[in-house]
Amino acid sequence: MVTVLAQVLGRLVKTVAYLVFALLRRPGLTVPLLVAVVVAVQVARWGWVTRASVLVLVLAVVVVWRRQHRSSFNRLVWIPAVQWYRRWIRYGLAWRFWMGRCGLGIKDETTGRTMRPRVVKMRYTPSVDRLLVQLPVGLTSADLDGKRLHLAESMRAIDARIRKDRPGRVWLDLEMRNPLQATIPAIPVDESLDPAILDGLVIGYADDGTPWRLRVRGSHVFIAGATGSGKGSIIWSTLRALGPFIRAGLVEIWAVDPKGGMELEFGKDLFTRYERDDYESMVTLLEDAAQQMDERCKRLRGTTRTFNPTTATPLVMVVVDELATLTALQPDRRLQGRAENALGLLLTKGRAPGFHVLAAVQDVTKRVCEWRDLFPDKIALRLGKATEVDMVLGDDAWDNGALCDSIPRSLPGIGYVRMEGQAHSVRVRAAYVTDNEIRTMARDYRPRRVLHAIDAPSNHTDTPETGEAA
Ligand SMILES: Nc1ncnc2c1ncn2[C@@H]1O[C@H](COP(=O)(O)OP(=O)(O)OP(=O)(O)O)[C@@H](O)[C@H]1O
């Protein structure tokens, strides 16, 4: 009996000591709690009428303030309160408990203490809580990754993703809300012709609520995704944002649709050149682009380093809907060689003189992705396997949280984008442009000048360079 009592007392003392130690180590938690206790003791002395009146008054102030001036209420009350709760309760006190329940810890042989991962930094976005976690010696990022499901479910998150930071440190991204769940309608077009817009066309949103800006000037864009993953929405959102430039003759779209026009036909009026029937003509289009690029290089050499499109030297964007059919999957070796040569030239030399490639692929094989490194900006939509993600976005992309293989079929247009110079990819969703909107934009933004109307009836082929399109 005495031994049991001693054991219970021992545990009690240990628990109290742990609590006192924990509170002392966390002044941000202790001070507000102490203030709350003092206030509660004072309030307990009041009569119930005073208590009820003060409560009603406080509630009234809160409700009126929130209704009348929501932004200042959020800034001064709500956001600090939520952040305090996250910092000191959710990822403070509760953290050790979660780590214990998820089996994330390692016993120190000398002291017998269980060492657990520790949160050293936190960042919050409207949808994702990002925690920089320090791992105790003996635990690896793979251990944390193996517990992704446990972590997500215990912390009531939709998903948990692990990204390596540096040895011994990982970012744990807890997705609390998926802001990309709802389809994003076509984005209103900015009618300005400021060339700076070409450095960041808004074509969707990232999961932190910021606009997804796609660089057109000075870049080439590689889009990979399984069938039905929404590659078309990226192409159409880009063309839509380019509309005013296309109409003004500052941007030309040279389009190739090896799927016989199944994707791009709706917008053919926007295109300066368009091929969709035979491979020979598609390859010729690529070669012509490469040749014009070479000529422009000679003309512009030494004049400028930043390309600013004019109607005489427009930015040419070569859009290829299914690149693999012209390269890796092309059965005619001669055509394949010609396509690869032209593409290689455009990708290596095109950025400075304003020739850019936006290519989509469905089939993610090693041969197709060999081109990847020549595209500064890469987008991976839903893909079948983790290895495919790395093939598109670069080694370790999947390890660092680009989980394209977990994107549900029901959410087309969602993917991960990795821009040149970015260490990690960002989750985004492209806006969806409906068939009717494509028809309308093809009518509203068709180029005023037709330089090479290869699909136009013969009387149009003589359209002078400065003339208006029919
Ligand atoms: N961003 C988006 N938001 C919502 N729905 C989308 C989006 N993109 C595409 N969809 C829906 O998914 C369907 C398939 O999209 P899309 O044709 O663009 O895929 P894809 O990757 O081009 O497929 P494929 O390679 O077979 O042509 C569309 O018909 C549309 O209903």
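Note: hydrogens, waters and symmetry copies are ignored here, and every other heavy atom, side chains too, is used. Just follow the structure's listing: the first ligand is 1, and inside any ligand the first atom is 1. Residue numbers start at 1 and run along the sequence shown.
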Identify the closest protein heavy atom to [atom]: which residue and atom is it, and at what distance?
atom: atom 22 (O) of ligand 1; answer: Gly232 N, 3.2 Å
atom: atom 27 (O) of ligand 1; answer: Lys259 NZ, 2.8 Å
atom: atom 28 (C) of ligand 1; answer: Tyr432 OH, 4.1 Å
atom: atom 26 (O) of ligand 1; answer: Thr227 OG1, 2.5 Å

As an exercise, identify every atom of ligand 1 less than 4.0 angstrom from a heavy atom of [X].
X: Thr183; answer: 3 (N), 4 (C)
X: Ala226; answer: 21 (O)
X: Glu263; answer: 17 (O), 22 (O), 27 (O)

Can you list everything that forms a side-chain hydrogen bond (donor to acceptor under 3.5 Å, both in side chains) with Gln422? Sequence neighbours excluded, please. none
Measure up the His356 and His220 rings against each other and bin them: parallel (under 30°), tilted (30 to 60°), perpendicular (over 60°). tilted
Heavy atom to [atom], shortest distance: which of [options] holds it?
atom: atom 3 (N) of ligand 1; options: Pro412, Gly413, Pro185, Ser237; result: Pro412
atom: atom 9 (C) of ligand 1; options: Gly228, Gly230, Ala430; result: Gly230
atom: atom 25 (O) of ligand 1; options: Arg382, Lys231, Arg429, Met262; result: Lys231

Decide yes or no for Leu198 and Leu315: does some side-chain heavy atom of the first lie under 4.5 Å from some side-chain heavy atom of the second? yes
Aromatic centroids of Tyr205 and Trp212 separated by under 6.0 Å: no
Among all residues two or more places apart in sequence or in another chain, which pass the side chain to side chain contact (heavy atoms under 4.5 Å, CB included) test with Pro408? Ser410, Leu411
State plainly whether the residues Glu280 and Arg334 are in salt-bridge range, i.e. N to O under 4.0 Å. yes
Is atom 30 (C) of ligand 1 near the protein, in the sense that some protein heavy atom lies at less than 4.0 Å from it? yes
Side chain or backbone of Glu322 under 4.0 Å from ligand 1, or both, or neither, by non-hydrogen atoms? neither
Glu437 versus Tyr432, side-chain donor and acceptor atoms under 3.5 Å: no
Does either side chain, that of Asn308 or that of Arg217, offer a donor lying less than 3.5 Å from an acceptor on the other one? yes
In this structure, does ligand 1 have an atom that sits under 4.0 Å from one of the heavy atoms of Gly225? no
Measuring from Leu132:CG to Arg169:CZ, what's the distance to the nearest 0.5 Å? 5.0 Å
